[in-house]
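Step one of this worksheet: look at the structure below.
To find a chain, count down the sequence lines: A is the first, B the second, and so on, and within it residues start at 1. All values below come from the heavy atoms of this structure, side chains included, with hydrogens, waters and symmetry mates left out.
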There are 2 protein chains.
Amino acid sequence: MNTESLIRKLKECGLKVTPQRVLVLKAVSALNDHPTAEDIFRKVKQELPTISFGTVYNILDTLVKQRLIERISTMGDKMRYDGISGDHHHLLSSDSDMIEVYYVADLSGLIGTYLNKKKIPGFTVSGFKLNISGEFSKSDKN
Amino acid sequence: MNTESLIRKLKECGLKVTPQRVLVLKAVSALNDHPTAEDIFRKVKQELPTISFGTVYNILDTLVKQRLIERISTMGDKMRYDGISGDHHHLLSSDSDMIEVYYVADLSGLIGTYLNKKKIPGFTVSGFKLNISGEFSKSDKN
DNA sequence: GTCACTGCAAACCCTTTGCAACTCA
DNA sequence: TGAGTTGCAAAGGGTTTGCAGTGAC
């Protein structure tokens, strides 16, 4: 995603546009493998060596609150972030904290239709994510 | 779940049966609301006041490795555990780390059938969990 | 009797916070 | 200019680890 549209996104949320924020947002988008805060920190530091860890955390928090990125839940200990937009679910490795994205429009449709039809008492659904656990075969990346 | 069957489960996994392990396993089963390690610690401490936090963590780790309980992923900062067996998914509150169980055999069947039919290249599915996010209405418990 | 487990406390590590300096609007 | 943001460093809090003592088998 280009810098201009990232800046526009920040402005649309009423956030001040700082180099740090643009770079963090760009890094989360670029690192499409659900980076940890540290991954993002290292990536941004390449272009802006003066940035601090605290700032990265602050910015990530702000971006999550504005729903520009997502915090995703994993089995692991660290938080991971997801800048990917659109319908996707996650493949989680059983024996490591490897994650991959699984795009499946029709599966989302299937579940969405089901949840719409079958109301859940006392709960209003706003979204859902399917975590599929299993094992990656060796040939796969990483 | 009664104590005998808990003990049997431990033995089946080749684990030494200690009062601490039995009580932790019992607590996770009894606390059906996805307790944190601290919840479990407090519960067990009622019956065994000498137990320590470290032991609870150690035992939880062991039980997860033996697949007697599950670690579940939440948006929150703390780890939560799930001793519930059987097909169920989770309702996650958007604005707190409240979790509830959602039993739906047919939804699981729906997704399971889909995943069986549509193979994922480079990945062998062993299970899945649907995280449904949204809002609980006030009338609901808590 | 042996070896694994417990209890305790310190270490660890990721994340948050406080505050002075700075900067975008 | 001034409200909001950054950088830094220290604090915080959940989890892990090391080790001596204990207990299950």
*Do any pairs count as a ring pair (Phe, Tyr, Trp, His ring centres under 6.0 Å) and have a residue in residues 47-74 of chain A, sequence neighbours left out, and if so which ones?*
F41(A)-F53(A), F53(A)-Y57(A)
Atom [atom1] of [X] to atom [atom2] of [N]: distance rounded to whole Å?
X	N	atom1	atom2	answer
E38(B)	dT15(D)	CD	P	9 Å
M79(A)	dG13(D)	CE	P	15 Å
K65(A)	dG4(D)	NZ	P	14 Å

_Angle by which the axis turns from one end of the helix from dG1(C)-dC25(D) to dA25(C)-dT1(D) to the other, five pairs per end, to 10 degrees_ = 40°
*Taking only residues at least two apart or on different chains, which pairs with a member in residues 44-53 of chain A satisfy side-chain hydrogen bond (donor to acceptor under 3.5 Å, both in side chains)?*
S52(A)-T55(A)
*Partners meeting side-chain hydrogen bond (donor to acceptor under 3.5 Å, both in side chains) with S29(B) (sequence neighbours left out)*: none
*asked:* Run the side-chain hydrogen bond (donor to acceptor under 3.5 Å, both in side chains) test against D82(B) and tell me which residues pass, sequence neighbours left out.
replied: H88(B), H90(B)
*Looking at R8(B) and E4(B), does any basic side-chain N land under 4.0 Å from a carboxylate oxygen?*
no
Smallest separation among heavy atoms of [X] and [Y], with atom names:
X	Y	result
V101(A)	N32(A)	CG2-O, 4.5 Å
I69(A)	G83(A)	CG2-CA, 4.3 Å
A37(A)	V56(A)	O-CG1, 4.0 Å

_Partner residues of Y114(A) under the ring-ring contact (aromatic ring centres under 6.0 Å, His included) criterion, sequence neighbours left out_ = none
*Which residues satisfy the ring-ring contact (aromatic ring centres under 6.0 Å, His included) test with F123(B), sequence neighbours excluded?*
F136(A)
*Scan residues 7-25 of chain B against DNA chain D and write down, sorted by residue number, each residue with any heavy atom closer than 4.0 Å; if none is found, say none.*
K16(B), V17(B), P19(B)
*When you measure from every atom of DNA chain D, which of residues 47-62 of chain A have a heavy atom less than 4.0 Å away?*
T50(A), I51(A), S52(A), T55(A), I59(A)
*Summary of salt bridge (charged side-chain N to carboxylate O under 4.0 Å, His left out) pairs that have at least one residue in residues 16-26 of chain A, sequence neighbours excluded*: none
*Residue pairs, two or more places apart or on separate chains, that pass salt bridge (charged side-chain N to carboxylate O under 4.0 Å, His left out) and touch residues 49-61 of chain B*: D61(B)-K65(B), D61(B)-R71(B)
*Walk along DNA chain C from 5' to 3' and tell me the first and last nucleotide with an atom closer than 4.0 Å to a non-hydrogen atom of chain A.*
dC14(C) to dA25(C)
*Taking atom types as modelled, is there a side-chain donor on N116(A) or T113(A) under 3.5 Å from an acceptor on the other?*
no
